[in-house]
> 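Just passing along the structure, written as C-alpha cells.
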Amino acid sequence: QVQLVESGGGLVQPGGSLRLSCVASGSIFFIGTMAWYRQAPGKQRELVADITSGSTTYYTDSVKDRATISIDNAKKMVYLHIDTLKPEDTAVYYCNARLTLVAAPTKVLDAWGQGTLVTVSS
C-alpha cells in the first residue's frame, strides 16, 4: 500500500505565499497523476491542481495565475506553491495520487493524505 503525508499548512496573511508538500511512501508504485484538492468549511472538496508523471499540469481558474504544482520523482514528493493568498484560499488541502502498484498491476489505486489546514487571515 501507499501512504501520502501532507505538510506546510498554517496561518498566513492575505497576500502571502506558502508551499505545501506531500511525500509518498510504501509499496513500489508507478504514478499516473498526483493532485491537490481542498475543502473549505461548509464547501465541497474541489480540485486545485494536478500533474501527470509526464509533468503535464492543470490548475483550477481560481488559482491559475497564482499556483504552481511540481513533482520530484526521485524524492517521491509533490509540491503546491500558492502566491498572493486570499481569504477564500482557506481550506484543508489534501494530496491525492492515482497510481498502479507493482504487486497489483491491474489495479488503479486512488490514495489520499490526511490533509493540512491552510488559514489565510490577518
Side-chain angles (χ1 to χ4, degrees):
Q1 298 298 309
V2 176
Q3 297 80 43
L4 305 179
V5 180
E6 304 98 331
S7 62
L11 177 62
V12 187
Q13 294 185 357
S17 301
L18 60 72
R19 186 185 71 166
L20 304 179
S21 301
C22 173
V23 60
S25 63
S27 302
I28 304 300
F29 58 89
F30 296 104
I31 295 174
T33 303
M34 298 197 73
W36 287 94
Y37 287 76
R38 67 185 180 188
Q39 187 166 23
K43 303 290 186 179
Q44 294 185 345
R45 185 174 299 185
E46 66 171 343
L47 174 64
V48 180
D50 64 28
I51 184 168
T52 69
S53 59
S55 297
T56 300
T57 59
Y58 163 84
Y59 301 94
T60 191
D61 287 344
S62 62
V63 304
K64 189 174 182 179
D65 296 323
R66 301 186 293 120
T68 301
I69 186 170
S70 60
I71 186 168
D72 186 328
N73 288 303
K75 295 182 178 180
K76 297 183 179 180
M77 295 191 70
V78 174
Y79 307 92
L80 179 68
H81 177 87
I82 306 179
D83 194 17
T84 318
L85 286 160
K86 305 174 181 179
E88 49 263 47
D89 293 319
T90 296
V92 176
Y93 285 71
Y94 298 91
C95 180
N96 168 256
R98 299 194 70 186
L99 50 85
T100 301
L101 298 177
V102 173
T106 63
K107 301 291 185 180
V108 177
L109 180 65
D110 201 4
W112 292 87
Q114 81 288 350
T116 184
L117 176 63
V118 174
T119 302
V120 184
S121 176
S122 298

> Report the distance from atom CG of Asp89 to atom CD1 of Ile82, rounding to the nearest 0.5 Å.
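One gets 5.5 Å once the value is rounded to the nearest 0.5 Å.
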> Please check: side-chain N/O of Arg66 versus main-chain N/O of Thr84, any donor-acceptor pairing under 3.5 Å?
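Pair found, side chain donor or acceptor close to backbone of Thr84.
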> Decide yes or no for Glu46 and Gln44: does some side-chain heavy atom of the first lie under 4.5 Å from some side-chain heavy atom of the second?
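Counting from C-beta outward, Glu46 and Gln44 never come under 4.5 Å.
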> I want to check something: taking the side chain as every heavy atom from C-beta on, are Leu20 and Glu6 in contact at a cut-off of under 4.5 Å?
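Contact flag for Leu20/Glu6 side chains = no.
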> Using a 4.5 Å cut-off on heavy atoms from C-beta on, say whether the side chain of Arg45 contacts that of Arg38.
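A side-chain contact under 4.5 Å is absent here.
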> Would you give the length of the straight line joining atom CG of Leu99 to atom CD1 of Ile28, rounded to the nearest 0.5 angstrom?
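That separation rounds to 11.5 Å.
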> Test side-chain contact (heavy atoms from CB on, under 4.5 Å) on Tyr58 and Ile51 and set out the steps.
CA-CA 7 Å; Tyr58 163 84; Ile51 184 168; over 6 Å; no
> Look at atom CD of Gln39 and say whether more than 12 heavy atoms of other residues, nucleotides or ligands are closer to it than 6.0 Å.
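Enclosed: over 12 neighbouring heavy atoms sit under 6.0 Å from CD of Gln39.
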> Check whether the side chains of Asp83 and Ser17 place a donor and an acceptor atom closer than 3.5 Å, and report yes or no.
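A pair is found: one side chain offers a donor N or O, the other an acceptor, under 3.5 Å apart.
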> Can Val48 be reached from Leu117 by stepping across I, L, V, M, F, W or Y side chains whose heavy atoms are under 4.5 Å apart?
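No: no chain of side-chain contacts under 4.5 Å links Leu117 to Val48.
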> Does Ile69 reach the side chain of Tyr59, with side-chain heavy atoms less than 4.5 Å apart?
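The answer is yes; the side chains approach within 4.5 Å.
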> Quick check: does any side chain N or O of Thr90 sit under 3.5 Å from a backbone N or O of Val120, one acting as donor and the other as acceptor?
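At least one qualifying donor-acceptor pair exists.
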> Is the closest side-chain heavy-atom distance between Trp112 and Leu4 below 4.5 Å?
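Answer no - side chains too far apart.
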> If you measure from CG on Asp50 to CG on Asn96, what distance do you get to the nearest 0.5 Å?
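Between atom CG of Asp50 and atom CG of Asn96 there are 9.0 Å.
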> Kindly work out whether a path of hydrophobic side-chain contacts (I/L/V/M/F/W/Y, heavy atoms less than 4.5 Å apart) joins Leu80 to Val12.
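Looking at the clustering, Val12 is in the same group as Leu80.
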> If you look at every heavy atom in Asp110 and Arg98, which pair is closest and at what distance?
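Result for this residue pair: OD1-CG, 3.8 Å.
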> Quick one: OH on Tyr37 to OG1 on Thr60, what's the gap to the nearest 0.5 Å?
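If I round to the nearest 0.5 Å, the distance is 11.0 Å.
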> To the nearest 0.5 Å, what is the distance between CG (Asn73) and OG (Ser53)?
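Between atom CG of Asn73 and atom OG of Ser53 there are 7.5 Å.
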> If you group Ile, Leu, Val, Met, Phe, Trp and Tyr whenever their side-chain heavy atoms sit less than 4.5 Å apart, what else falls in with Val5?
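Members alongside Val5: Val23, Met77, Tyr79.
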> With the side chain counted from C-beta on, respond yes when Tyr94 and Thr116 share a heavy-atom pair under 4.5 Å apart, and no when they do not.
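Heavy-atom side-chain distance check fails, nothing below 4.5 Å.
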> How close do Ser21 and Trp36 get, heavy atom to heavy atom, and via which atoms?
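What the structure gives for the nearest pair is O-CH2, 3.5 Å.
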> Report the distance from atom NZ of Lys76 to atom SG of Cys22, rounding to the nearest 0.5 Å.
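Spacing of NZ (Lys76) from SG (Cys22) equals 12.5 Å.
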> Does Asp65 have more than 12 heavy atoms from other residues, nucleotides or ligands lying within 6.0 Å of its CG?
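Open.
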> Does a side-chain heavy-atom distance below 4.5 Å link Leu101 with Leu109?
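Yes; the side chains approach each other to less than 4.5 Å.
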> Are side-chain heavy atoms of Met34 and Ile71 found at a separation under 4.5 Å?
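Sidechains of Ile71 and Met34: in contact.
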